[in-house]
Asks: 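Here it is, the structure, as structure tokens.
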Amino acid sequence: MAAAPSETKLWGGRFTGATDPLMDLYNASLPYDKIMYSADIQGTKVYTEGLTKLGLLTPSELEKIHTGLDQIHTEWASGTFVEKPGDEDIHTANERRLGEIIGREIAGKVHTGRSRNDQVATDMRIYVRDRLTDLISKLGNFIQAIVARAESEIDVLMPGYTHLQRAQPIRWAHWLSSYATYFTEDYKRLQQIQERVNQCPLGSGALAGHPYGIDREFLAKGLGFSSVIGNSLTAVSDRDFVVETLFWCTLFMNHISRFSEDLIIYSSGEFDFIKLADAYSTGSSLMPQKKNPDSLELLRGKSGRVFGSLSGFLMSLKSIPSTYNKDMQEDKEPLFDALTTVEHSVLIATGVISTLRINKEKMENALTMDMLATDLADYLVRRGVPFRETHHISGECVRMAEELNLSGIDQLSLEQFKNIDSRFGDDVKEEVFNFELCVERRNAIGGTAKVAVLNQLKNLKSSL
Ligand code: ARG
């Protein structure tokens, strides 16, 4: 028979019956929240300093507590911490162990005025904040890798697409810069989210506030928080920082999925614009000739999993009454899984983009003269013809070239151009049918001309 909770549980005082063993398993978060052991210990260290300032602990008790907590930290870090039945979560496990090390007399004072409700909210915020710092730096490296590639391959041209149909020539670096632009917005957005994560709930008690008037500004400062959450009910029950972080992960993975999809298409035999490094591809168990872009497919596929974490947790959070309810324990697995998935995805995407090889000839050979039909219209605009009219004239040129079965509109003779519209000059062919010129004309901010792309890259770098 299972032991009564009063013998093993920290909250066991008023319970007499044994818990269903499956309930113990169902209730326990230690298997996944022990990852926050360091945040939990930091929180307790600063909290006990706060209690000491109130005279609720003596300096010598504080010293013993800190020494015990340091030992617990070492045990977790070295993998020697022994988990015991009744260790529901990281908070109870650490407190139980502290009692064993320094005696229950002193350890029993640590939780004065604190609840696991403000404790878990504090631990989560410390833990997430610190992981975001690491993620921000990994993301910065990813953006730098894209930018470096764009700088070194600035001269390569390729088709730009709409509806996955060839549309207008662009620089390959412009394509790279477009994703670096998305990821740089992600980078800035993550910094903003981190600011909202970094607020202190500690000192709110179970819900109603601290009964001994603890100095919450002191606690916040000691834990590196930038502010104190201004309402104790909100402090213990607000999980918006989890939702925002999950939303960030979802949006980032959404960008990654589109980036990956483009590269998957470009790596197909039909396009053959890029080749993934062996390090990021796999073969087929049946077809010896195959080299599959598994890294990119996983990046694309994992975006679904991360969105699932966001939607799942939002469903758990919806309609929870104030303030803390155990539903909130469901914040951890989706969040930790999403963070790990995103971190790995950033590293894989960095590896992919820094090691793939491009096929400049294939990219440039995919440019076709019909992609310059707009430039043909623009040629007449420069000679004072209204665009709506020039659009029509250029369309006629396309139609005639098709009717004559020519390989492209550039194959029409000067005479044929002039027959369609007498305002075409002798220079029409060299002015229009040149991909480099076409790209270089798009030199307004954000365009695909070399100067405009280099400027984008410079701005991206300065945002990091
Ligand atoms: N393991 C719990 C969680 O993650 C800690 C808070 C428990 N609080 C409580 N009142 N049972 O949410």
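In listed order, ligands and their atoms are each counted from 1.
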Asks: What protein heavy atom sits nearest atom 2 (C) of ligand 1, and how far off is it?
Replies: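 Ranking protein heavy atoms by distance from atom 2 (C) of ligand 1, first comes Gln329 OE1, 3.2 Å.
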Asks: So if I count the atoms of ligand 1 from 1 in the order they appear, which ones are less than 4.0 Å from some heavy atom of Asn117?
Replies: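 Once the distances to Asn117 are compared, the set is 8 (N), 9 (C), 10 (N).
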Asks: Which heavy atom in Ile353 sits nearest to a heavy atom in Ala145, and how many Å separate them?
Replies: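 Between these two residues, the closest heavy atoms are CG2-CB, 4.2 Å.
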Asks: Does any N or O in the side chain of Asn359 come within less than 3.5 Å of the main-chain N or O of Ile274, such that one atom is a donor and the other an acceptor?
Replies: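 Side chain of Asn359 to backbone of Ile274, a donor-acceptor pair under 3.5 Å: no, none is there.
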Asks: Is it true that a side-chain atom of Arg216 and a backbone atom of Ile229 form a donor plus acceptor pair closer than 3.5 Å?
Replies: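 Between the backbone of Ile229 and the side chain of Arg216 there is a qualifying donor-acceptor contact (under 3.5 Å).
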Asks: Please work out, at 4.0 Å between heavy atoms, whether the side chain, the backbone, both, or neither of Gln119 comes within that distance of ligand 1.
Replies: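 Neither; no heavy atom under 4.0 Å.
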Asks: Could you list the atoms of ligand 1 found under 4.0 angstrom from a heavy atom of Asp89?
Replies: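 Checking each atom against Asp89, I get 1 (N), 2 (C), 5 (C).
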Asks: Among protein heavy atoms, which lies nearest atom 7 (C) of ligand 1, and at what distance?
Replies: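 Nearest protein contact, heavy atoms only, for atom 7 (C) of ligand 1 is Tyr324 OH, 3.6 Å.
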Asks: Taking only heavy atoms of Arg116, which atoms of ligand 1 are found under 4.0 Å from at least one of them?
Replies: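 Going through ligand 1 atom by atom, the ones under 4.0 Å from Arg116 are 6 (C), 7 (C), 8 (N), 11 (N).
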Asks: Tell me yes or no: between the side chains of Ser260 and Glu297, is some donor less than 3.5 Å from an acceptor?
Replies: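 No - no donor-acceptor pair under 3.5 Å links their side chains.
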Asks: Non-hydrogen atoms of Lys332 versus ligand 1: any pair closer than 4.0 Å?
Replies: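 It does, in that a heavy atom of Lys332 comes within the 4.0 Å cut-off of ligand 1.
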Asks: Provide the closest heavy-atom pair for Ser232 versus Ala208 in the form atom of the first, atom of the second, distance.
Replies: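 In terms of heavy atoms, the two residues are closest at OG-C, 3.3 Å.
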Asks: Going by the order shown, which atoms of ligand 1 are within less than 4.0 Å of some heavy atom of Ser29?
Replies: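 Counting atoms of ligand 1 from 1, those under 4.0 Å from Ser29 are 1 (N).
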Asks: Taking Asp294's backbone N and O only, do any of them form a donor-acceptor pair with Asn292's side chain (distance below 3.5 Å, no angle check)?
Replies: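 Here the side-chain-to-backbone pair does not exist.
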